[in-house]
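Side chains are part of it too, since the values below use all heavy atoms of this structure and drop only hydrogens, waters and symmetry mates. Please read all numbers here as calculations on a predicted model, not as lab measurements. Within every chain, numbering begins at 1; the chains are lettered A, B, ... in the order of the sequence lines, protein sequences first and strands thereafter.
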Amino acid sequence: MVPIIQLIHKELSKIYQSLSATKKLHALIIKTQLSSDPFYATQMVRIYAIHGDLCSARNVFDEGSIRSVYLWNSIIRAHAQAHQFYDAFSLFRKMLETDISPDNFTYACVIRACSERFDMHGLKLCHAGSIVSGLKSDSICGSSLVTAYSKLGLVEEASKVFYGIREPDLVMWNSMISAYGNSGFWDKSLELFSNMQNSGTKPDGYALVGLLLGLSDSTSMYIGQGVHGFCLKTSFDSNAHVGSALVTMYSRCKSMSYAYKVFSGISQPDLVTWSALLTGYSQSGEREKALLFFKKLVLVGKKPDPVLSASVLAAAAQMANVKVGSEIHGYVLRQGLESDVMVCSALIDMYSKSGFLGLGIRVFDIMPEKNIVSYNSLILGFGLHGLASHAFQMFEEILENRLVPDESTFSALLCACGHAGLVEDGKFLFRRMKEEFGIQARTEHYVHLVKLLGMNGKLEEAYYLIQSLPEPIEHGIWGALLSCCDACGNFELAEVAAERLIESNTKRASYKVMLSNMYAGDGRWDDARKVRESMREGKVRKMPGVSWI
DNA sequence: TGAAGCGCGG
């Protein structure tokens, strides 16, 4: 090989060097007249994209090289990875007009882009296109389809793609296991995990993380323990991602002692693992511990990132202690994270929940970039302070700024209606959410709506609303009705709600306490005693030890 | 001499 080409290849392997080194290399390639060779053009596009210089990448693509499928793929990917979806898709369309056909890599890239911009229509088109191109049984294309469908909530479609492939490879198995896990079907992902092993494919860390993802409450913790056992046997517990997923799994199952045990067994926990533990403590009510671990992580020299800062701020928000929260605010400022949109949203939430809505508004006003999360935080803040009209003004602003309201936006607005007693506005908003914005109501929305009705003298309407829902009805919804009955002193309905809660076999004691207190308050001591006794009986429950693997 | 599909924390 000519020495200069050798030099270029040596430089190409050092791609993580600076942008200026990349530009020098580019100049060298132009000088040696290699820039029309699609290999070198592809390499330059890739390297410029790594350095975030999309303009130079695009110039390389536009300037005269022969366009191989590699070159097309590299420029489409560069735009897609930078979330410049418009450019990515217009290039893809241009490519379809040329003699070069897209291959499995091209489709994998545009399919992923569709899921990232929640473009169901585009996804179906790309899926169809890949079939026409003869990629129906391709596993690279297939696994990206499985992931994309499951990200858009269509697990059924994902499984159709999966079962259409005769011999799934490792990534294909993992994609489907994660798809089921992400959708909460842990039983199906477990079944697949076992099928995968029977077919002779050895699981890796991805499979285990996918499996652990679906285990999200204490009812499935014994499964999680089984998976944990498997991780120990196969030494996957020392894998950083598996370790974090285990910490998260135990945290979600409200079993912080296990979560901590796993955490302390990881030799070098990264920020994600720390954050999983910290969020676990914060969400299971042990806020002081969350703050303590935040201090510890700063002490061992870790530099919190925006996500971790946001989760410690959430712990402070729960404490409703502005002193703690503003200390963390100071820390965030010193770390230079004050313009991060996630951190700012957490600050808004913390200040408003600590009673300092004005400070939250100030953070909102000066933040350089606002997204739907920051609007949601402020709307919730206005709602909590009884300022429903301000909350609705913010909603208008969201629409004016062409942002898309999400589930949390409506949840916050319904909560605002509840605090201000705006029954008709709340009902209207609930309808708009479904009809105009196509958002399916979730438990939290029903809880807000039931409370809004129940607390404003419309207990029966709330009851009929719950009656109209398909089974199984989340216990939180009946719980909301029960607390309204408690507040209004309606025993008749309270008993119905309590009965349904007991039927649903929820372990939460607070409902029974509420009912028992209601009876006691009315002097119905026998009834109160019966409820108390049933609590004592129900309490003795042992976690069955089962290994599913 | 080339690219790529799957993972944890808000």
Roughly, in whole Å, what's the span from [atom1] in [X] to [atom2] in [N]?
| X | N | atom1 | atom2 | result |
| --- | --- | --- | --- | --- |
| Ile165(A) | dC6(B) | CD1 | C1' | 13 Å |
| Leu212(A) | dC6(B) | CG | C1' | 15 Å |
| Asn182(A) | dG7(B) | CG | P | 8 Å |
| Trp186(A) | dG7(B) | CH2 | C1' | 21 Å |
| Met249(A) | dC8(B) | CE | P | 15 Å |
| Asp204(A) | dC8(B) | CG | C1' | 14 Å |
| Asn239(A) | dC8(B) | CG | P | 13 Å |
| Asp305(A) | dG9(B) | CG | P | 13 Å |

Could you work out which one of [options] sits closest to the side chain of [X]?
| X | options | answer |
| --- | --- | --- |
| Arg112(A) | dG9(B), dA3(B), dC6(B) | dC6(B) |
| Ser143(A) | dG5(B), dG9(B), dA3(B) | dG5(B) |
| Pro38(A) | dG2(B), dG7(B), dG9(B) | dG2(B) |
| Ser175(A) | dG7(B), dC6(B), dA4(B) | dC6(B) |
| Tyr70(A) | dG2(B), dC6(B), dC8(B) | dG2(B) |
| Ser68(A) | dG9(B), dG2(B), dA4(B) | dG2(B) |

Base of [N] paired with side chain of [X] (donor-acceptor, under 3.5 Å):
| X | N | result |
| --- | --- | --- |
| Ser139(A) | dG5(B) | yes |
| Asn174(A) | dG7(B) | no |
| Ser244(A) | dC8(B) | yes |

Please work out if [X] contacts a base, only the sugar-phosphate, or nothing of the nucleic acid, heavy-atom cut-off 4.0 Å.
| X | value |
| --- | --- |
| Leu208(A) | nothing |
| Asn104(A) | nothing |
| Asp270(A) | nothing |
| Thr147(A) | sugar-phosphate |

Quiz question: by atom type and distance under 3.5 Å, do the side chains of [X] and [Y] form a donor-acceptor pair?
| X | Y | answer |
| --- | --- | --- |
| Tyr258(A) | His228(A) | no |
| Asn376(A) | Thr409(A) | yes |
| Thr106(A) | Asn73(A) | yes |

Inset, instruction - Indicate whether OP1 or OP2 belonging to dA4(B) is found under 4.0 Å from a side-chain N or O atom of Arg77(A). - result: yes
Inset, instruction - Would you tell me if any nitrogen or oxygen in the side chain of Arg252(A) comes within less than 4.0 Å of OP1 or OP2 on dG9(B)? - result: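 True: Arg252(A) side-chain N/O within range (under 4.0 Å) of dG9(B) OP1/OP2.
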Legend entry - Quiz item: cation-pi between Lys370(A) and Tyr375(A), 6.0 Å / 45°: no
Inset, instruction - For the residue pair Ser218(A) and Lys254(A), establish whether any side-chain heavy-atom pair is separated by less than 4.5 Å. - result: no
Legend entry - Inter- and intrachain pairs under ring pair (Phe, Tyr, Trp, His ring centres under 6.0 Å), touching residues 288-310 of chain A, at least two apart: Tyr260(A)-Phe293(A), Tyr281(A)-Phe293(A), Phe294(A)-Tyr331(A)
